[in-house]
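I have placed the structure first, in the form of structure tokens, so that the comments after it can refer back to it.
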Amino acid sequence: MSEAGQRGVPTEFAEQVLDLVARIPAGRVLAYGDVARMLGGGGPRQVGAALARFGAGVPWHRVIHADGTPPPGHEAQARARWREEGTPLTADGSRVRMHAARWAGPQAPS
DNA sequence: CTCTTGACGCCGG
DNA sequence: TCCGGCGCCAAGA
């Protein structure tokens, strides 16, 4: 009841994913594979699965493909948010400049 | 226990 | 630059 869209019970790995994604500063992004590596487990697919099921309460639009493209089924939503937050985008604004927008991690300064 | 699926990533054409 | 195929790992049926 506190959270909507949450199906079933999240695994511990899923909770770690949500926690890290919630810490990503506005205007910055992480790739699914980046999140998996920072948590030190599973793989990019597990991160995507966690966000697909429990990502309703976190800025999931800050987690994208390694090449800077948004997740299927939410391209328009993600692009709109990037524009709002001033995320570094390509000239056409269709994808994120990973090299510039990639968040260093929870320890790195903003 | 086995098979299929999936908000991915990388390489080759 | 775009498209397709293969590899990885865990959850679900």
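Quick caveat: nothing in here was measured; it's all calculated off a predicted structure. The figures that follow rest on heavy atoms only: side chains count, while hydrogens, waters and symmetry mates do not.
Look at A:Arg62 and A:Glu85 and you find a salt bridge, because one of the NZ, NE, NH1 or NH2 atoms lies within 4.0 Å of a carboxylate O, short of that distance.
Of the candidate nucleotides C:dA11, B:dG9, B:dA7, B:dA7 has the atom lying nearest to any side-chain atom of A:Trp60.
For A:Arg53, a side-chain nitrogen or oxygen approaches OP1 or OP2 of C:dG12 to under 4.0 Å. OP1 and OP2 of B:dA7 both lie 4.0 Å or more from every side-chain N or O belonging to A:His74.
Within the 4.5 Å cutoff, no side-chain heavy atoms of A:Thr11 are placed close to those of A:Phe54. Between A:Pro72 and A:His65, some side-chain heavy-atom pair lies under the 4.5 Å cut-off.
Summarising the geometry, the separation between CG on A:Asp92 and P on C:dT1 is reported as 10 Å, rounded to the nearest angstrom. Regarding A:Arg62, its CZ atom lies at a distance of 22 Å from the P atom of B:dA7, rounded to whole Å. Per the geometry, CZ belonging to A:Phe54 stands 16 Å off P belonging to C:dA10, to the nearest Å. Between A:Met98 atom CE and B:dC8 atom C1' there is a gap of 12 Å when expressed in whole angstrom units. Atoms CD (A:Glu75) and P (B:dC8) sit 11 Å apart, rounded to a whole Å. Protein atom CG of A:Asp67 is 10 Å distant from nucleotide atom C1' of B:dC8, rounded to whole Å. One interatomic measurement links the two molecules: CZ of A:Arg95 to C1' of B:dC8, which rounds to 15 Å at whole-angstrom precision. The nearest whole Å value for the distance from the CZ atom in A:Arg45 to the P atom in B:dC10 is 13 Å.
Note on A:Ala31: only backbone sugar-phosphate atoms sit closer than 4.0 angstrom, heavy atoms only; bases stay farther off. Looking at heavy-atom distances under 4.0 Å, A:Gly33 makes contact with sugar-phosphate atoms alone, never a base. At a threshold of 4.0 angstrom between heavy atoms, the contacts of A:Ala49 with the nucleic acid are absent.
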Using residues 30-48 of chain A as the side-chain source, report each donor-acceptor pair under 3.5 Å to any protein atom, sequence neighbours left out, with the distance given to one decimal.
{"unit_1": "A:Asp34", "atom_1": "OD1", "unit_2": "A:Arg102", "atom_2": "NH2", "d": "2.7"}
{"unit_1": "A:Asp34", "atom_1": "OD2", "unit_2": "A:Ala31", "atom_2": "N", "d": "3.1"}
{"unit_1": "A:Asp34", "atom_1": "OD2", "unit_2": "A:Arg102", "atom_2": "NE", "d": "2.9"}

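Between the side chain of A:Arg97 and the backbone N or O of A:Pro88 there is no donor-acceptor pair closer than 3.5 Å.
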